[in-house]
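The residues of the chain are indexed from 1 along the displayed sequence.
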Amino acid sequence: MIKIKYFKEMTFIYAICISLFHFGVNIWGGISDLWFNSAHFALLASLGFLTYEANKNENEISYFNLLFAVLSLSTFIYMMFFEETLYSVANSQMRTSDLIVASMTIALAVELVRKSTGWIIPGLIVSCIAYLLFLGQHIDGIFAFAGMSPERFLYRMFYTSEGLFGPIATISSTYVFMFILFAAFLLKSGAGDFIVDVSSAVAGKYTGGTGHVAVFSSALMGTISGSAVANTVSTGSITIPMMKKAGFKGTFAAAVEAAASTGGQIMPPIMGAGAFIMAQMTHIPFVTIITVSILPAILYFASIAFYINIHAKEHKIKGENSDVKILPILREGFHFIIPLSTLVGLLIYGFTPTYSAGIAIVTIIFASYLTKNKRMGIKEILGALALGAQNMVVTGVLLIAVGVIVGIINISGIGITFSQLIMEWSGNSLLIAIVLIAIASLVLGMGLPVTASYVVLSVLSAPALVGLMLSPEMAALVNAGIEIPEVAMYLLSAHLIIFWLSQDSNLTPPVCLAAFAAAAIAKTPPMQTGLVSWKVGKGMYIIPLLFAFTPLITGTWFERVEVFGFALMGIMSFSIVMEGFWDQRMMILERVMFALAAVLLLTPDSAFNIESHFEIVQNTHIIGFVIFATSMFLHKRLSKEKREFATTL
């Protein structure tokens, strides 16, 4: 170990400089994408090696970590001085020094990912490299690959847009960094406490009020933070003890918080790194993605709220007897609304997400002076800058490392092969294809974080999903090279399906990071908490089916609202069936009726091959609504005595 005086302070200043560098380049530009992405990796990796797995003595660092930090910085210095000279060599032949630095850069990225996430992603990267270089030559059948020379591989990974510093790295250095920095400024300005206070005032007084506070606060926190685990830790440290005190069991309280916090990654306007990657991969405007995601996100949070309401009624958990008023809280913290409104307004007006986030960050500072409390002085601003860079280390280096996998998938053509397999295995059935992708996302989610899982799955399976969603006539036009505007929305639907299904690694055992984080706060068994959170977050599996089989994404706004309204009742029916309770315990016949209503409310006519005579409202939805309303009416009218008598028959 090396002792360095004021080492903690030095890394703090270094993190501030990293944020300022990214802010300046994203707002004013000045260097090429390749150089910027290379600097993005070098700065974050060096900060990661300096601070990750820090010794108990904050002024000590291991020899290896210091060496790796210096080597990480040297990769960008080498890029600056030797990129141009490479192109002056005949046929851009890689020199020995190029080969060494390119290999070292990949190794450093893999090592930092190993330190932060474990062995799964490094193992996947090494396997992909082996497949591309030599392993593919020894595989028969459709996965055979002729191979590539190490020199050519390193050139494409280091100096082109197909590898480390390609589109995925660009997304990380621009959109993701700026929005994580935006979230850091909001949190340092006190937005987290404001969100919990607003949630308590709005939802705390209703049945199961503290549970609804968790949902509402996680939804609001999701508008500024795209990390499920970060949401769980930040809001859960407040809401989980509140729920337990109100009467919820610890396991259920932790599961609610985990499921609600997972919704932060599907909640506009940030939606984690996934929405930015989606915009880059589909070439669909970011504003379009967050706009069509509003109704599905509301459906997801409503599904959790229904579950809480039923559970609270069953266990007689009342709302809080609080006289907290919403208006004083809003008056105290109205300045938090200004930066969010500025961000959304700039996005809608047409400014780039990075520029919008930069202006919104400046707005946070000025808006804080509109109140007497939590004004952002120099200390708070510097703290937010440092926090933004520190929070970005793992995500940034992970996305750059995943760029290697994406590059290899594209170079080898294995993505097209995988899509063909999905088409073949599903028998051209869209439902079976979605089930296959859900299984694949669950397997990948055991080792990959959500964003990495989405990137890999979308490259592999999105083309197959789009092909299955298009009508034969539309597919024929696309194959003929004719551009159809509607196809873009089907492409967006396919990516949203994959993106939503990729979230299950936060909730579904055996690897459910958000549930484990909530369990640590609630002091409950992690695996049991994961199972309950999987049940509470059932909307994560139902709503993607609406993307595929209804016009919730592809239709007009009138059609989307129609689907949304009936789906809301369908999810409510599904929740009732799962718990077998509403105002009182359900009889078997009642559960069957509600189950039938749920299926009809969530299923379009096309699934039953029914020719609809309505352009907007579907027959199945009308029938489902009638069954739902009738079942609810009879359930409320049937007295407890009659219910007990019927149950004994």
In this structure, are over 12 heavy atoms from other groups packed under 6.0 Å from [X] atom [atom1]?
X	atom1	answer
Y355	OH	no
I378	CD1	no
F366	CZ	no

For this session: Check step by step if side-chain contact (heavy atoms from CB on, under 4.5 Å) holds for S356 and M178.
Result: CA-CA 9 Å; S356 302; M178 291 299 286; over 6 Å; no

[X] side chain to [Y] backbone, donor-acceptor under 3.5 Å:
X	Y	result
S441	L501	yes
K244	A522	yes
S533	L507	yes
Y300	A259	yes

Nearest 0.5 Å please: distance from the [atom1] atom of [X] over to the [atom2] atom of [Y].
X	Y	atom1	atom2	value
L34	F76	CG	CZ	9.5 Å
F248	I240	CZ	CD1	12.5 Å
F336	I338	CZ	CD1	10.5 Å
I18	L181	CD1	CG	12.0 Å
I294	R560	CD1	CZ	10.0 Å
L71	L66	CG	CG	9.5 Å

For the residue pair [X] and [Y], establish whether any side-chain heavy-atom pair is separated by less than 4.5 Å.
X	Y	answer
V256	Y307	no
L568	F306	yes
V113	V402	no
M10	L50	no
M278	I284	no
V397	F49	no
I266	P296	no
L299	L546	yes

Exercise. Given L47 and L43, is the side-chain contact (heavy atoms from CB on, under 4.5 Å) satisfied, shown in steps?
Worked result: CA-CA 6 Å; L47 179 63; L43 293 170; over 6 Å; no

Which pair of heavy atoms, one from [X] and one from [Y], lies closest together, and at what distance?
X	Y	result
P353	F276	CB-CE2, 4.4 Å
E380	G377	OE1-N, 2.9 Å
A184	A384	CB-O, 3.6 Å
M376	Y369	O-OH, 2.9 Å
S172	M392	OG-CE, 3.2 Å
T232	A258	OG1-CA, 4.2 Å

Exercise. Are V536 and F252 close enough, and set up right, to give a side-chain contact (heavy atoms from CB on, under 4.5 Å), and what steps lead you there?
Worked result: CA-CA 9 Å; V536 174; F252 185 82; 4.2 Å; yes

For this session: For the pair F182 and F179, name the ring-plane relationship: parallel under 30°, tilted 30 to 60°, perpendicular over 60°.
Result: perpendicular

Problem set entry | Aromatic plane relationship, H495 with Y454 - under 30° parallel, 30 to 60° tilted, over 60° perpendicular | perpendicular

Problem set entry | Pairs touching residues 11-22 that satisfy side chain to side chain donor-acceptor pair (under 3.5 Å), sequence neighbours left out | Y14-S46, H22-H40

For this session: Kindly determine whether F36 and T174 satisfy side-chain contact (heavy atoms from CB on, under 4.5 Å), including the steps that lead there.
Result: CA-CA 9 Å; F36 185 32; T174 55; 4.0 Å; yes

Exercise. Between T262 and Q503, do the side chains contain an N or O donor and an N or O acceptor separated by less than 3.5 Å?
Worked result: no

For this session: Verify the distance criterion only: is there a donor paired with an acceptor across the side chains of S173 and N37 at less than 3.5 Å?
Result: yes

Seminar exercise, completed: Residue set satisfying side-chain contact (heavy atoms from CB on, under 4.5 Å) with T105, at least two apart, ordered chain then number -> F41, T75, V101, F158, L164, F165

